[in-house]
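Beneath this line is the structure, given in structure tokens, with notes to follow.
Heads up: numbering here begins at 1 and tracks the sequence.
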Amino acid sequence: MTQRGALPRMAWAATIIAAAVVVFVATNWRAGSHTARVIAAPHVVAAVEHPFDPDWPEVWTLVSQKCGSCHRAKNDCSDFTSYELLITAVDERGDRLILPGNAESSSFFEQVNWNVHARRDSIAPDQPTMPPEQSEWLTAGQIFTIRRWIDHGALEYKLPDQCSPRPLMEIDFPSAKVCKGCHPRQYEQWSSSMHAYAQHSPVFEAFNLTLIERTSGTIDTFCSRCHTPVGTTLGENGSLRNVHRSRISMEGVTCIVCHRREDARYKSNGRLRITPGDLNEECIYGPFESSHVEGVDFHPSESSPYIKTSQFCGECHDVTSPAGVRLEEAFSEWLNSPAARQGATCQHCHMGPVQGIAIPDNHRPWGRSAEVPGVPAEHLPLRRITDHSFAGPDYSLLPDTEFPHKLDWMYEVDYRNPALLTPHQQSTLTALRHKNREALARADAKRFEVLSNAARLYVSQPNRAKCGERIKIAVDVKSIFSGHNLPTGFTAERQVWVSVEVFDPQGRRVFATGDLDDNGDLRDSHSHDVLTGATPADRHLMNFQNKFISLTTRGTERSVVLPVNRDLAPLSLFRPAAGIPISFGRPFSFRIAKGSIPPLASRGKTYHVTLHAAGPHRLLVRLHFRNLPPNLLDHIGAPHLKQLLEDVVIAEHQAMIQVDR
């Protein structure tokens, strides 16, 4: 398997606008002897009315993410799992770690404070005592927040205490970074997955905003509620830009989206209910029964058979628009597939040791699903291990400084300017880029593994021919996916096609189909060059991409790039269908023309080629995959991303045809 046409991810790094927005507000404080407070975006906690002390939600988020794996119940370290335990925690001498009203004398503050900006006149130490990992050291803004919280009394609630209900907040949804403390393997796999990338995707953000504009805002969170379920639960609207979303919202399909679903909803379109609450208060649902280890407290957990079903995945991976257009049918395709009849689920193919191959639970390797600090590994139960990479055909278009991992200080400093960086920031940025590149390389390997298990290419052609003879080249593509069509998902943007090229003895191309125009598009009805007459349409094209078809004012139909019909009404509004589109599978004015290959089925075509020159002719046949067409990026205002598109060659066939006089 090979990939073509993509520049390295870092080739775009110089042109992307960093996700961090930095605002400096002058104030009178000292954290590492600096004189400015930093406000970063995306924010940690939204500015909503709540009864808490203004700094407590962010302090609690920091403590949970950076301290929670060690500072928990029944461990050698002090227990920080609640406000009461944190505020009363003592050191080995019995002295309080936090002295309300006096950050300078508080051991807690002394251990996290350090000379962030590497100033020579700073009285702060060059390195903090905690956290131990260099990449987790607190930023200037975080140090300022903790100091202010302690100096203002280290309160949990505002004074006087209030009894009024409070809104849902970011602290009600544990971050994946909290889970990382005991589940590092699952976190590393998830963090480079498309679940973690879901809301980060610049293509999705541009696509979503385009559809909101084209539907006059009436779709609202229809798209974003699958890509950021926590953000939607917190009340973020569909048109909110990523830099204005919270950091837990930007985690996309994070751990609790799957593991905090208390009951089966049996709905589609991402209509999920995520149970809010502290990690140690609300139940975590998974495929196993709760663990019981003597002397160790775990978060509440229960076994949920529903989490192992395809219906569980189908709640997001079957999407029907309010007008009745079936935009994604991965789950519906599975329901009618050979895999469903054989009992193979989505998880068997996409969470097993080999991506794209159905491997049942009892054939998976054994291992420990947790690594609990302070608890010997042999005290934890052995279980069948699942892979949380969720490999599919997509990949990150962000530079290796933005995904999959990003350091806290990068939200407060423009890391693109080396002159602004301290030695600590330079070293951790270099280490981060190496770590991200390794993670992205592993994710790419799994993506190519899925695609290599997608289809087989079969070609037959004569070995000899005569000058002027019209030969037949038969090409067949057989899907070896048993669970869904090829391609699947949002199939109007997925492209699987065949290219056939014949070269004469001088290397000149005498026949071509499946080649690209100057914009990198296939020569079909979506090609700008074809529409303007600059290049002829490819009448031999074998493309398995699905297409959106809209009804025009003349009663005819035409293929469109975006799933909004502007032919009948230039001002489009998404409203529930007036008829019963479920009876027909579509509304009367819009449909999807399916070109995808059903599970385990074959599609083929015979090409007739006349060879005029004597001598050996080279035949090159390829099966291609591309997750996005360039014309889509043009339509959503993201043409700068076209250089990052990859043309993956799934299979290739070469042969020589000897032409005699």
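In this structure, Tyr187 and Trp190 have tilted ring planes: the angle between them lies in the 30° to 60° band. Ring geometry, Phe80 versus Phe108: the interplanar angle exceeds 60°, so the pair is classed perpendicular (tilted spans 30 to 60°).
When Phe52, Trp56, Trp60 are each tested for a ring pair (Phe, Tyr, Trp, His ring centres under 6.0 Å) with Tyr83, only one passes: Trp56. Each of Asp361, Thr386, Thr345 was checked for a side chain to side chain donor-acceptor pair (under 3.5 Å) with Lys308, and the lone residue meeting it is Asp361. When Pro57, Pro276, Ser246 are each tested for a side chain to side chain contact (heavy atoms under 4.5 Å, CB included) with Met169, only one passes: Pro57.
Under the salt bridge (charged side-chain N to carboxylate O under 4.0 Å, His left out) criterion, the residue pairs touching residues 225-237 are Glu236-Arg245, with sequence neighbours excluded.
The side-chain contact (heavy atoms from CB on, under 4.5 Å) search around Asp79 returns Ala73, Thr81, Leu85, not counting sequence neighbours. For Thr88, there are no side-chain contact (heavy atoms from CB on, under 4.5 Å) partners, not counting sequence neighbours. With sequence neighbours excluded, no residue forms a side-chain hydrogen bond (donor to acceptor under 3.5 Å, both in side chains) with Asn280. Contacts of Gln134 classified as side-chain contact (heavy atoms from CB on, under 4.5 Å), with partners at least two apart in sequence or in another chain: Trp137, His424, Ser427, Thr428. For Asp53, the salt bridge (charged side-chain N to carboxylate O under 4.0 Å, His left out) test picks out no residue, with sequence neighbours left out.
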Side chain to side chain contact (heavy atoms under 4.5 Å, CB included) between Asn269 and Phe222, worked out: CA-CA 8 Å; Asn269 296 355; Phe222 177 76; 3.7 Å; yes
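A pairwise comparison of heavy atoms in Arg447 and Pro393 identifies CD-O, 3.4 Å as the closest pair. Nearest heavy atoms, Leu62 versus Gln142: CD2-NE2, 3.3 Å.
Residue-environment remark: CG (Asn417) exceeds the threshold of 12 foreign heavy atoms within 6.0 Å.
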